[in-house]
Amino acid sequence: MLASLLPALRELALPLRLRLWDGKELDLGPSPRVTLAINDPNLIPQLAHPSLDLLGSAYVEGRIDLHGPLAEVIRIGDELTQALGRHTSSAPPREEHDKATDAKAISYHYDLSNAFYSLWLDQDMVYSCAYFESGNESLDQAQQAKLRHLCRKLRLKRGDRLLDVGCGWGGLARFAAREYGAEVFGITLSREQLTLARQRVADEGLEDRVRLELMDYRDLPADEGFDKVVSVGMFEHVGHANLPLYCKQLFGAVRPGGLVMNHGITARHVDGRPVGHGAGEFIDRYVFPHGELPHLVNIGACISETGLEIVDVESLRLHYAKTLELWSQRLEARLDEARALVPERALRIWRLYLAGCAYGFRRNWINLHQILASKPLADGSHELPWTRADLYPPA
């Protein structure tokens, strides 16, 4: 089987070396930069029509090993699947989302190890897209700029009651309280995140302004108790079927005249067709179980149907590509420390995930949008300024 496969592989002229289970090496192109070591001979027939899901799964399960710069590994893998893979374009079936399923999925992803995440995240452990005002910022600088960008868009001011849906390790909650004087209530489904987030709130002496709880968004009271609502990197876990309920909960939580910010990853295609030749299947299997990405049109429609008025939309796709590239580089620089914190299988998943997502965002397979909405007052007016000038003060 390998003999019949080699001509097609060599025709691609990729800088790739195959290392077989018996130690034999075959160069498929000039100056190989990546070595694919095949540990399981039974994988050979499947390589005739590879997908990123197949290659990623084989790596995670130890059927292959990968050697070389990870960004180059991902690029070569994509070229292989584009040239030889069999691609489908149908929309995936919708997932079932109940409280128990979502809590289990969140725990799987976020309760891995706080220490592991701290190896490659910024100092505040902000696990979402950073904001690069010039493109030359460090990760820490760009994450602080993102938190500031969110608070500016929300026109946050001292005394505002802010609801943070999916508060993570509490970086935004602490920033909003410390820098803007907001009173913050944050919720998460991750016990590990909550423990560390509460500790950091205490360490900064912010207990009087920040309260964090383990809570499902479906349990939020619809009492219009907040001036502003922010949800960052959370609605990807909600599921298509629950998007109307999710938006209804945000609407019910904010007072008339208040603002709602939804920041999250969005799909390229309206019907959810996969992009990336198996990348989505790999992520669903190993990284974000039951995750679903709506298109901007779909989440926009759900927001509008509740009665919220969308007033601003911004794509941060390339910002997230750069964020993920920095995360990947930081993890690659600390692999020995990471191996002491998580199992090898988990580390393989995360290495591929961070580098692969950076590649996917860079190539417009997926996007990320910040959607700002206002809850109109009874007469249809709102409290926003006439222009965006206040978001970008003169240098």
Side-chain angles (χ1 to χ4, degrees), residues 97-118 120-130 143 146-147 150-151 154 156 161-178 182-204 206-222 225-226 228-239 242-243 245-250 252-254 260-265 287-292 327 342 350 368 370:
H97 285 263
D98 55 34
K99 291 181 182 179
T101 299
D102 288 350
K104 183 177 180 181
I106 293 296
S107 179
Y108 169 83
H109 185 89
Y110 294 99
D111 291 344
L112 179 63
S113 165
N114 286 337
F116 170 71
Y117 282 106
S118 71
W120 46 273
L121 292 176
D122 64 299
Q123 61 188 2
D124 272 340
M125 295 180 70
V126 179
Y127 183 38
S128 54
C129 174
Q143 288 293 15
K146 187 273 294 297
L147 300 180
L150 286 170
C151 291
L154 286 165
L156 206 62
R161 298 158 299 168
L162 174 67
L163 170 63
D164 185 356
V165 182
C167 63
W169 286 282
L172 174 56
R174 298 194 317 275
F175 185 89
R178 183 179 64 246
E183 298 174 4
V184 188
F185 177 65
I187 63 172
T188 179
L189 287 178
S190 168
R191 295 182 184 277
E192 289 292 315
Q193 284 188 329
L194 182 62
T195 298
L196 182 56
R198 283 176 168 172
Q199 182 60 55
R200 291 194 166 192
V201 168
D203 290 344
E204 292 190 29
L206 294 171
E207 295 105 319
D208 60 331
R209 279 178 280 168
V210 178
R211 182 163 67 93
L212 307 177
E213 299 291 343
L214 198 71
M215 180 185 289
D216 191 288
Y217 74 92
R218 282 161 283 209
D219 294 326
L220 287 167
F226 296 93
K228 313 289 169 62
V229 176
V230 63
S231 177
V232 179
M234 184 275 177
F235 88 127
E236 299 93 322
H237 302 286
V238 166
N242 285 348
L243 280 177
L245 173 60
Y246 166 75
C247 294
K248 181 181 178 182
Q249 292 297 96
L250 302 188
V254 70
V260 174
M261 165 64 75
N262 189 86
H263 166 122
I265 302 170
V287 187
F288 281 114
H290 304 289
E292 292 181 298
W327 284 346
V342 297
W350 279 92
L368 183 137
Q370 289 185 344

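FYI, side chains are in, hydrogens and waters are out, and symmetry mates aren't considered; it's all heavy atoms of this structure.
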Under the rule for side chain to side chain contact (heavy atoms under 4.5 Å, CB included), what residues qualify as partners of T195, not counting sequence neighbours? none
Spell out, as yes or no, whether a donor-acceptor pair under 3.5 Å connects the side chain of Q143 to the backbone of S128. yes
Side-chain heavy-atom pair V210, E204 within 4.5 angstrom cut-off: no
Would you call the rings of W350 and Y117 parallel, tilted or perpendicular if under 30° counts as parallel and over 60° as perpendicular? perpendicular
Stepwise side chain to side chain contact (heavy atoms under 4.5 Å, CB included) test for H237 and L189: CA-CA 11 Å; H237 302 286; L189 287 178; over 6 Å; no
Hey, are the side chains of E213 and F185 touching, using non-hydrogen atoms and a 4.5 Å cut-off? yes
Is there a side-chain contact between V126 and V232, using heavy atoms and a 4.5 Å cut-off? no
Gap separating the CD atom of Q370 from the SG atom of C129, nearest 0.5 angstrom: 7.5 Å
I'd like to know if the side chain of Q249 and the backbone of Y217 have a donor-acceptor N/O pair within less than 3.5 Å. yes
Go through the steps for V184 and R209 under the test side chain to side chain contact (heavy atoms under 4.5 Å, CB included), then give the verdict. CA-CA 6 Å; V184 188; R209 279 178 280 168; over 6 Å; no
Separation of Q199 CD from N114 CG (nearest 0.5 Å): 11.5 Å
Looking only at non-hydrogen atoms, find the nearest pair between A197 and G170 and report the distance. CB-N, 3.9 Å
Residues at least two apart in sequence or cross-chain that pass ring-ring contact (aromatic ring centres under 6.0 Å, His included) with F226, listed by chain then number, are none
Check each of N262, L250, L156, L162 against V230 using the side chain to side chain contact (heavy atoms under 4.5 Å, CB included) test, and report the only one that passes. L162
Carefully, step by step, assess W169 and D124 under the rule side chain to side chain contact (heavy atoms under 4.5 Å, CB included). CA-CA 8 Å; W169 286 282; D124 272 340; over 6 Å; no
Drop me the distance from M125's CE to R200's CZ, to the nearest 0.5 angstrom. 5.5 Å
How many angstroms lie between CE in M261 and SG in C151, if you round to the nearest 0.5 Å? 10.0 Å
Any side-chain heavy atom of L212 sitting closer than 4.5 Å to one from T188? no
Examine distances only and state if a side-chain atom of E236 and a backbone atom of M234 form a donor-acceptor pair shorter than 3.5 Å. yes
Would you say the side chain of V165 lies within less than 4.5 Å of the side chain of L220, judging by non-hydrogen atoms? yes
Taking the side chain as everything from C-beta on, heavy atoms only, tell me whether N242 gets closer than 4.5 Å to R218. yes
Nearest-0.5 Å distance that lies between atom CZ in R198 and atom CD in Q193: 12.5 Å
Partners passing side chain to side chain contact (heavy atoms under 4.5 Å, CB included) against R191 (at least two apart in sequence or in another chain): L214
Under 30°, 30 to 60°, or over 60°: which ring-plane class applies to W120 and F116, parallel, tilted or perpendicular? perpendicular
Nearest 0.5 Å please: distance from the CG atom of L206 over to the CG atom of D208. 7.0 Å
